[in-house]
A.B. asks: 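Below: one structure in C-alpha coordinates.
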Amino acid sequence: MAIILGDNQYGKAESRLVRIMRDAPRHEIRDLNVTTALRGPFEAAYLEGDQSAVLPTDTQKNTAFAFAKSHGVQSIEGFGLDLARHFVRDVGPVEGARIEIEEFAWQRAVVDGVEHDHTWLRTGQEVRTAAVTVDATGEHVIGGLKDLVLLKSTGSEFAGFLSDDFTTLPETHDRVMATALDAKWRFTSTEVEWDSVYAEVKRLLVAHFATLQSLALQQTLWHMGRAVLEAVPEIAEVRLVAPNRHHFAYDLDRFGLENQNEVFWAADRPYGLIEATLIRDDAPPAGEAWRASAGLA
(Lines give C-alpha, C1' and ligand atoms only; values in the text may rest on other atoms or scores of the structure.)
Protein backbone atom coordinates (compact mmCIF):
# COMPACT_ATOMS: atom_id res chain seq x y z
CA MET A 1 0.00 0.00 0.00
CA ALA A 2 1.33 3.42 -0.99
CA ILE A 3 0.57 6.57 1.01
CA ILE A 4 0.59 9.85 -0.84
CA LEU A 5 0.31 13.46 0.27
CA GLY A 6 -2.96 15.03 -0.84
CA ASP A 7 -4.04 18.67 -0.94
CA ASN A 8 -2.02 20.87 1.36
CA GLN A 9 -1.50 24.52 2.15
CA TYR A 10 0.07 26.52 4.95
CA GLY A 11 -0.17 30.06 6.24
CA LYS A 12 -0.76 32.42 9.13
CA ALA A 13 -4.25 32.41 10.64
CA GLU A 14 -6.04 35.29 12.32
CA SER A 15 -3.61 38.20 12.30
CA ARG A 16 -5.53 40.98 14.08
CA LEU A 17 -4.81 44.13 12.12
CA VAL A 18 -6.23 47.60 12.70
CA ARG A 19 -5.55 50.33 10.14
CA ILE A 20 -6.24 53.94 11.10
CA MET A 21 -6.37 56.52 8.29
CA ARG A 22 -4.96 59.72 9.83
CA ASP A 23 -4.35 61.89 6.75
CA ALA A 24 -7.23 64.21 7.65
CA PRO A 25 -8.64 65.58 10.93
CA ARG A 26 -11.49 63.04 10.62
CA HIS A 27 -9.88 59.63 11.04
CA GLU A 28 -11.19 56.36 9.55
CA ILE A 29 -10.78 52.82 10.89
CA ARG A 30 -10.68 49.33 9.36
CA ASP A 31 -10.53 46.52 11.91
CA LEU A 32 -9.51 43.21 10.30
CA ASN A 33 -8.74 39.58 11.07
CA VAL A 34 -6.48 38.35 8.25
CA THR A 35 -5.67 34.75 7.35
CA THR A 36 -3.19 33.84 4.60
CA ALA A 37 -2.55 30.43 3.03
CA LEU A 38 -0.08 29.52 0.30
CA ARG A 39 -0.34 26.62 -2.15
CA GLY A 40 2.34 25.11 -4.33
CA PRO A 41 5.10 22.44 -4.52
CA PHE A 42 5.65 22.17 -0.79
CA GLU A 43 5.78 18.38 -0.61
CA ALA A 44 9.40 18.36 0.59
CA ALA A 45 8.46 20.36 3.66
CA TYR A 46 5.96 17.70 4.67
CA LEU A 47 7.80 14.59 3.60
CA GLU A 48 11.39 15.53 4.40
CA GLY A 49 11.23 18.62 6.60
CA ASP A 50 12.94 20.62 3.83
CA GLN A 51 11.98 24.28 4.31
CA SER A 52 13.91 25.71 1.35
CA ALA A 53 10.71 26.56 -0.58
CA VAL A 54 8.70 27.67 2.46
CA LEU A 55 8.00 31.35 3.06
CA PRO A 56 7.58 31.51 6.86
CA THR A 57 4.09 32.15 8.17
CA ASP A 58 5.60 34.98 10.21
CA THR A 59 6.68 36.61 6.94
CA GLN A 60 3.12 36.30 5.65
CA LYS A 61 1.87 38.06 8.78
CA ASN A 62 4.45 40.84 8.36
CA THR A 63 3.45 41.27 4.73
CA ALA A 64 -0.18 41.85 5.70
CA PHE A 65 0.78 44.59 8.15
CA ALA A 66 3.21 46.20 5.70
CA PHE A 67 0.61 46.19 2.91
CA ALA A 68 -1.92 47.80 5.25
CA LYS A 69 0.44 50.77 5.31
CA SER A 70 1.83 50.75 1.77
CA HIS A 71 -1.35 49.78 -0.10
CA GLY A 72 -4.00 50.90 2.37
CA VAL A 73 -7.30 49.18 3.08
CA GLN A 74 -9.98 50.70 0.89
CA SER A 75 -12.03 47.47 1.01
CA ILE A 76 -11.30 44.02 2.37
CA GLU A 77 -11.81 42.48 -1.07
CA GLY A 78 -9.27 44.86 -2.61
CA PHE A 79 -6.82 44.32 0.23
CA GLY A 80 -7.14 40.56 -0.17
CA LEU A 81 -6.44 40.82 -3.88
CA ASP A 82 -3.33 42.92 -3.22
CA LEU A 83 -1.96 40.30 -0.83
CA ALA A 84 -2.83 37.26 -2.95
CA ARG A 85 -1.38 38.78 -6.13
CA HIS A 86 1.85 39.62 -4.31
CA PHE A 87 2.36 36.10 -2.97
CA VAL A 88 1.69 34.48 -6.35
CA ARG A 89 3.62 36.94 -8.50
CA ASP A 90 6.57 37.78 -6.23
CA VAL A 91 7.29 34.63 -4.22
CA GLY A 92 8.85 32.06 -6.53
CA PRO A 93 7.49 28.69 -5.35
CA VAL A 94 3.94 29.94 -4.65
CA GLU A 95 1.37 28.81 -7.22
CA GLY A 96 -1.77 29.86 -5.38
CA ALA A 97 -2.77 32.04 -2.46
CA ARG A 98 -5.91 32.15 -0.37
CA ILE A 99 -6.67 35.22 1.74
CA GLU A 100 -9.56 35.19 4.19
CA ILE A 101 -10.55 38.40 5.97
CA GLU A 102 -13.10 39.25 8.61
CA GLU A 103 -13.95 42.91 9.22
CA PHE A 104 -15.41 44.12 12.50
CA ALA A 105 -17.68 47.14 12.43
CA TRP A 106 -17.20 50.28 14.49
CA GLN A 107 -19.74 53.08 14.87
CA ARG A 108 -18.53 56.65 15.19
CA ALA A 109 -19.20 58.14 18.64
CA VAL A 110 -21.62 61.04 18.89
CA VAL A 111 -20.68 63.82 21.31
CA ASP A 112 -23.11 66.70 21.90
CA GLY A 113 -25.04 65.63 18.82
CA VAL A 114 -21.99 65.63 16.54
CA GLU A 115 -20.03 62.65 15.21
CA HIS A 116 -16.58 62.56 16.79
CA ASP A 117 -13.57 62.62 14.46
CA HIS A 118 -11.49 59.94 16.17
CA THR A 119 -13.64 57.95 18.61
CA TRP A 120 -15.75 54.88 17.84
CA LEU A 121 -17.93 52.32 19.61
CA ARG A 122 -17.90 48.64 18.74
CA THR A 123 -21.29 47.83 17.31
CA GLY A 124 -23.26 44.63 17.46
CA GLN A 125 -23.50 44.40 13.70
CA GLU A 126 -22.63 41.45 11.51
CA VAL A 127 -19.04 40.56 10.58
CA ARG A 128 -18.18 41.32 6.98
CA THR A 129 -16.03 38.71 5.23
CA ALA A 130 -14.00 38.26 2.06
CA ALA A 131 -12.11 35.29 0.66
CA VAL A 132 -9.70 35.85 -2.23
CA THR A 133 -8.00 33.09 -4.21
CA VAL A 134 -5.36 33.75 -6.87
CA ASP A 135 -3.92 30.80 -8.78
CA ALA A 136 -3.47 29.40 -12.26
CA THR A 137 -7.24 29.26 -12.81
CA GLY A 138 -7.61 33.00 -12.26
CA GLU A 139 -8.61 35.43 -9.54
CA HIS A 140 -11.66 34.56 -7.46
CA VAL A 141 -13.38 36.78 -4.90
CA ILE A 142 -16.06 35.71 -2.46
CA GLY A 143 -17.77 38.44 -0.47
CA GLY A 144 -19.89 37.73 2.54
CA LEU A 145 -21.21 38.39 6.00
CA LYS A 146 -21.83 36.27 9.06
CA ASP A 147 -23.76 36.53 12.30
CA LEU A 148 -26.31 38.91 10.81
CA VAL A 149 -28.94 38.44 13.51
CA LEU A 150 -32.46 38.95 12.19
CA LEU A 151 -35.83 38.58 13.91
CA LYS A 152 -39.38 39.36 12.90
CA SER A 153 -42.26 39.01 15.30
CA THR A 154 -44.85 37.94 12.73
CA GLY A 155 -45.13 37.21 9.01
CA SER A 156 -43.88 33.64 9.38
CA GLU A 157 -45.71 30.31 9.29
CA PHE A 158 -44.84 26.64 9.51
CA ALA A 159 -47.61 24.18 8.69
CA GLY A 160 -48.46 21.30 6.40
CA PHE A 161 -45.24 19.46 7.20
CA LEU A 162 -44.69 15.71 7.19
CA SER A 163 -45.81 14.05 10.40
CA ASP A 164 -45.02 10.61 11.89
CA ASP A 165 -45.21 8.82 15.24
CA PHE A 166 -42.51 11.04 16.71
CA THR A 167 -43.87 14.41 15.58
CA THR A 168 -44.96 16.69 18.41
CA LEU A 169 -44.46 20.13 16.84
CA PRO A 170 -47.78 21.94 16.38
CA GLU A 171 -48.56 23.79 13.19
CA THR A 172 -48.53 27.57 13.34
CA HIS A 173 -49.55 30.42 11.05
CA ASP A 174 -48.07 33.17 13.21
CA ARG A 175 -44.64 32.69 14.73
CA VAL A 176 -41.45 34.56 15.51
CA MET A 177 -38.75 33.84 12.93
CA ALA A 178 -35.15 34.56 13.87
CA THR A 179 -31.73 33.57 12.57
CA ALA A 180 -28.05 34.48 12.61
CA LEU A 181 -27.43 34.51 8.87
CA ASP A 182 -24.16 33.56 7.18
CA ALA A 183 -24.08 34.55 3.50
CA LYS A 184 -21.35 34.26 0.89
CA TRP A 185 -21.44 35.35 -2.73
CA ARG A 186 -19.03 34.61 -5.57
CA PHE A 187 -18.11 37.42 -7.95
CA THR A 188 -17.42 37.00 -11.66
CA SER A 189 -15.13 40.04 -11.81
CA THR A 190 -12.52 41.86 -9.78
CA GLU A 191 -13.63 45.22 -11.17
CA VAL A 192 -16.33 45.83 -8.57
CA GLU A 193 -17.34 48.70 -6.29
CA TRP A 194 -16.86 46.43 -3.30
CA ASP A 195 -18.30 48.59 -0.52
CA SER A 196 -21.38 49.70 -2.42
CA VAL A 197 -22.14 46.14 -3.58
CA TYR A 198 -21.78 44.90 0.00
CA ALA A 199 -24.25 47.50 1.22
CA GLU A 200 -26.73 46.60 -1.54
CA VAL A 201 -26.52 42.85 -0.88
CA LYS A 202 -27.10 43.37 2.84
CA ARG A 203 -30.04 45.67 2.09
CA LEU A 204 -31.63 43.07 -0.18
CA LEU A 205 -31.16 40.23 2.30
CA VAL A 206 -32.75 42.21 5.12
CA ALA A 207 -35.60 43.56 2.99
CA HIS A 208 -36.70 40.17 1.72
CA PHE A 209 -36.42 38.58 5.15
CA ALA A 210 -38.66 41.32 6.50
CA THR A 211 -41.31 41.55 3.79
CA LEU A 212 -41.91 37.99 2.62
CA GLN A 213 -44.88 36.20 4.20
CA SER A 214 -42.76 33.18 4.93
CA LEU A 215 -44.13 29.65 4.83
CA ALA A 216 -40.72 28.25 5.85
CA LEU A 217 -37.18 29.48 6.41
CA GLN A 218 -36.21 27.50 3.30
CA GLN A 219 -38.57 29.65 1.21
CA THR A 220 -37.16 32.81 2.78
CA LEU A 221 -33.59 31.84 1.85
CA TRP A 222 -34.64 31.19 -1.74
CA HIS A 223 -36.21 34.64 -2.08
CA MET A 224 -33.26 36.36 -0.40
CA GLY A 225 -30.69 34.69 -2.63
CA ARG A 226 -32.72 35.16 -5.80
CA ALA A 227 -33.09 38.88 -5.08
CA VAL A 228 -29.31 39.24 -4.85
CA LEU A 229 -28.66 37.41 -8.13
CA GLU A 230 -31.35 39.39 -9.94
CA ALA A 231 -30.05 42.75 -8.71
CA VAL A 232 -26.26 42.31 -8.87
CA PRO A 233 -25.01 40.97 -12.23
CA GLU A 234 -21.40 40.66 -10.96
CA ILE A 235 -22.49 37.90 -8.56
CA ALA A 236 -22.72 34.35 -9.95
CA GLU A 237 -23.52 32.32 -6.86
CA VAL A 238 -24.92 32.83 -3.37
CA ARG A 239 -24.56 30.44 -0.44
CA LEU A 240 -26.76 30.93 2.61
CA VAL A 241 -26.63 29.23 6.00
CA ALA A 242 -29.35 30.05 8.53
CA PRO A 243 -29.70 28.48 11.97
CA ASN A 244 -33.33 28.72 13.03
CA ARG A 245 -33.26 30.53 16.37
CA HIS A 246 -36.44 29.06 17.75
CA HIS A 247 -38.79 31.16 19.88
CA PHE A 248 -41.46 29.05 21.58
CA ALA A 249 -44.53 30.65 23.15
CA TYR A 250 -44.16 30.06 26.88
CA ASP A 251 -46.95 28.26 28.72
CA LEU A 252 -48.50 30.84 31.03
CA ASP A 253 -51.88 29.09 31.36
CA ARG A 254 -50.72 27.44 34.58
CA PHE A 255 -50.36 30.89 36.10
CA GLY A 256 -53.78 32.02 34.94
CA LEU A 257 -52.26 34.25 32.26
CA GLU A 258 -53.07 34.30 28.56
CA ASN A 259 -50.10 34.31 26.19
CA GLN A 260 -51.08 35.56 22.73
CA ASN A 261 -47.64 35.24 21.12
CA GLU A 262 -46.19 37.83 23.47
CA VAL A 263 -43.82 35.93 25.79
CA PHE A 264 -41.33 33.43 24.37
CA TRP A 265 -38.69 30.98 25.44
CA ALA A 266 -35.67 31.70 23.22
CA ALA A 267 -34.01 28.29 22.81
CA ASP A 268 -30.33 28.34 21.86
CA ARG A 269 -30.08 24.60 21.05
CA PRO A 270 -30.85 22.32 19.41
CA TYR A 271 -31.74 24.35 16.35
CA GLY A 272 -32.79 23.76 12.79
CA LEU A 273 -30.01 24.49 10.32
CA ILE A 274 -31.20 25.56 6.88
CA GLU A 275 -28.73 25.86 3.97
CA ALA A 276 -29.12 26.79 0.33
CA THR A 277 -26.97 27.52 -2.71
CA LEU A 278 -28.33 29.58 -5.60
CA ILE A 279 -26.34 29.84 -8.82
CA ARG A 280 -26.85 31.32 -12.26
CA ASP A 281 -27.19 28.65 -14.94
CA ASP A 282 -24.47 30.40 -16.96
CA ALA A 283 -22.08 30.94 -14.03
CA PRO A 284 -18.39 30.49 -14.85
CA PRO A 285 -16.52 27.65 -13.11
CA ALA A 286 -15.65 28.35 -9.50
CA GLY A 287 -12.19 26.80 -9.72
CA GLU A 288 -10.66 26.80 -6.24
CA ALA A 289 -12.80 29.73 -5.08
CA TRP A 290 -14.55 27.75 -2.34
CA ARG A 291 -11.51 25.81 -1.08
CA ALA A 292 -11.11 27.23 2.40
CA SER A 293 -8.13 27.86 4.63
CA ALA A 294 -9.14 28.68 8.21
CA GLY A 295 -12.73 28.75 7.03
CA LEU A 296 -13.41 32.12 8.65
CA ALA A 297 -14.56 33.78 5.44
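Scope of the values below: all heavy atoms of this structure, side chains included, with no hydrogens, waters or symmetry mates. In this text the structure is predicted, and so the values were computed from the model without any measurement.
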A.B. asks: Taking all non-hydrogen atoms of both residues into account, name the closest pair between Glu77 and Gly143 and its distance.
C.D. replies: OE2-CA, 4.3 Å
A.B. asks: How are the rings of Phe187 and Trp194 set to each other: parallel, tilted or perpendicular (split at 30° and 60°)?
C.D. replies: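 Aromatic pair Phe187/Trp194 classed perpendicular.
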A.B. asks: Are more than 12 heavy atoms, taken from residues, nucleotides or ligands other than Arg22, located less than 6.0 Å from that residue's CZ atom?
C.D. replies: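 Counting neighbours around CZ of Arg22, 12 or fewer heavy atoms of other residues, nucleotides or ligands fall under 6.0 Å, so no.
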A.B. asks: Closest heavy-atom contact between Pro93 and Pro41?
C.D. replies: O-CD, 3.1 Å
A.B. asks: With under 30° as parallel and over 60° as perpendicular, where do the rings of His118 and His116 fit, or are they tilted in between?
C.D. replies: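 Answer is perpendicular, since the angle exceeds 60°.
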A.B. asks: Using a 6.0 Å cut-off, check whether atom CD of Glu262 has over 12 heavy atoms from anything other than its own residue.
C.D. replies: yes
A.B. asks: For Glu115, what residues pass the salt bridge (Lys or Arg N to Asp or Glu O under 4.0 Å) criterion, not counting sequence neighbours?
C.D. replies: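 Glu115 satisfies salt bridge (Lys or Arg N to Asp or Glu O under 4.0 Å) with Arg26 once adjacent residues are dropped.
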A.B. asks: Please list, chain by chain and in numerical order, all residues satisfying side-chain hydrogen bond (donor to acceptor under 3.5 Å, both in side chains) with Asp195, sequence neighbours excluded.
C.D. replies: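 By the side-chain hydrogen bond (donor to acceptor under 3.5 Å, both in side chains) rule, Asp195 matches Arg128.
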A.B. asks: Measure the CG-CZ distance between Asn244 and Phe158 for me, rounded to the nearest 0.5 Å.
C.D. replies: 8.5 Å
A.B. asks: Which residues pass the side chain to side chain contact (heavy atoms under 4.5 Å, CB included) test with Asp112, not counting sequence neighbours?
C.D. replies: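 For Asp112, no residue satisfies side chain to side chain contact (heavy atoms under 4.5 Å, CB included) once neighbours in sequence are set aside.
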A.B. asks: Which heavy atom in Leu55 sits nearest to a heavy atom in Tyr10, and how many Å separate them?
C.D. replies: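 What the structure gives for the nearest pair is N-OH, 2.7 Å.
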A.B. asks: Under the side-chain hydrogen bond (donor to acceptor under 3.5 Å, both in side chains) definition, can you give me all pairs with a residue in residues 217-228, not counting sequence neighbours?
C.D. replies: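 Applying side-chain hydrogen bond (donor to acceptor under 3.5 Å, both in side chains) to every pair that reaches into residues 217-228, excluding sequence neighbours, yields Ser214-Thr220.
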A.B. asks: Identify the heavy atoms of Val34 and Ala64 that sit nearest to each other, and give their distance.
C.D. replies: CG1-CB, 4.3 Å
A.B. asks: Does anything in residues 94-109 pair up under salt bridge (Lys or Arg N to Asp or Glu O under 4.0 Å), and if so which pairs, sequence neighbours excluded?
C.D. replies: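 Sorted result for residues 94-109: Glu28-Arg108, Arg30-Glu103, Arg98-Glu100, Glu102-Lys146.
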A.B. asks: Could you list who else is in Leu151's hydrophobic cluster, with ILVMFWY side chains joined at under 4.5 Å, directly or through other members?
C.D. replies: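 So far as hydrophobic clustering goes, Leu151 is joined with Val176, Phe264.
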A.B. asks: Using the salt bridge (Lys or Arg N to Asp or Glu O under 4.0 Å) rule, collect all pairs that involve residues 239-257, keeping only residues at least two apart or in two chains.
C.D. replies: Glu237-Arg239
A.B. asks: Any chance the rings of Trp265 and Tyr250 have centres within less than 6.0 Å?
C.D. replies: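 Ring-ring flag for Trp265/Tyr250: false, centres at least 6.0 Å apart.
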A.B. asks: Would you mind listing every salt bridge (Lys or Arg N to Asp or Glu O under 4.0 Å) that reaches into residues 266-293, with sequence neighbours excluded?
C.D. replies: Glu288-Arg291
A.B. asks: Keeping Asp182 on the side-chain end and Asp147 on the backbone end, is there a donor-acceptor pair under 3.5 Å?
C.D. replies: yes
A.B. asks: Does Thr167 have any side chain to side chain contact (heavy atoms under 4.5 Å, CB included) partners at least two apart in sequence or in another chain, and if so, which?
C.D. replies: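 Testing Thr167 for side chain to side chain contact (heavy atoms under 4.5 Å, CB included), a comparison that skips the adjacent residues, returns Phe161, Ser163, Asp164.
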A.B. asks: Are the charged groups of Asp90 and Arg85 less than 4.0 angstrom apart, N to O?
C.D. replies: no
A.B. asks: What are the two closest heavy atoms between Thr179 and Pro243, and how far apart are they?
C.D. replies: OG1-O, 2.6 Å
A.B. asks: Please name all residues satisfying side-chain hydrogen bond (donor to acceptor under 3.5 Å, both in side chains) with Thr154, sequence neighbours left out, ordered by chain then number.
C.D. replies: Asp174
A.B. asks: Once side chain to side chain contact (heavy atoms under 4.5 Å, CB included) is applied, do any residues pair with Lys61, and if so which ones, sequence neighbours excluded?
C.D. replies: Lys12, Ser15, Asp58, Phe65
A.B. asks: Could you pull out all residues at least two apart from Ala210 that satisfy side chain to side chain contact (heavy atoms under 4.5 Å, CB included)?
C.D. replies: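 Applying side chain to side chain contact (heavy atoms under 4.5 Å, CB included) to Ala210 gives none.
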A.B. asks: With distance as the sole test, does Lys184 use its side chain to make a donor-acceptor pair with the main-chain N or O of Ile142 at under 3.5 Å?
C.D. replies: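 No, the answer is negative, given that no donor and acceptor are paired below the 3.5 Å cut-off.
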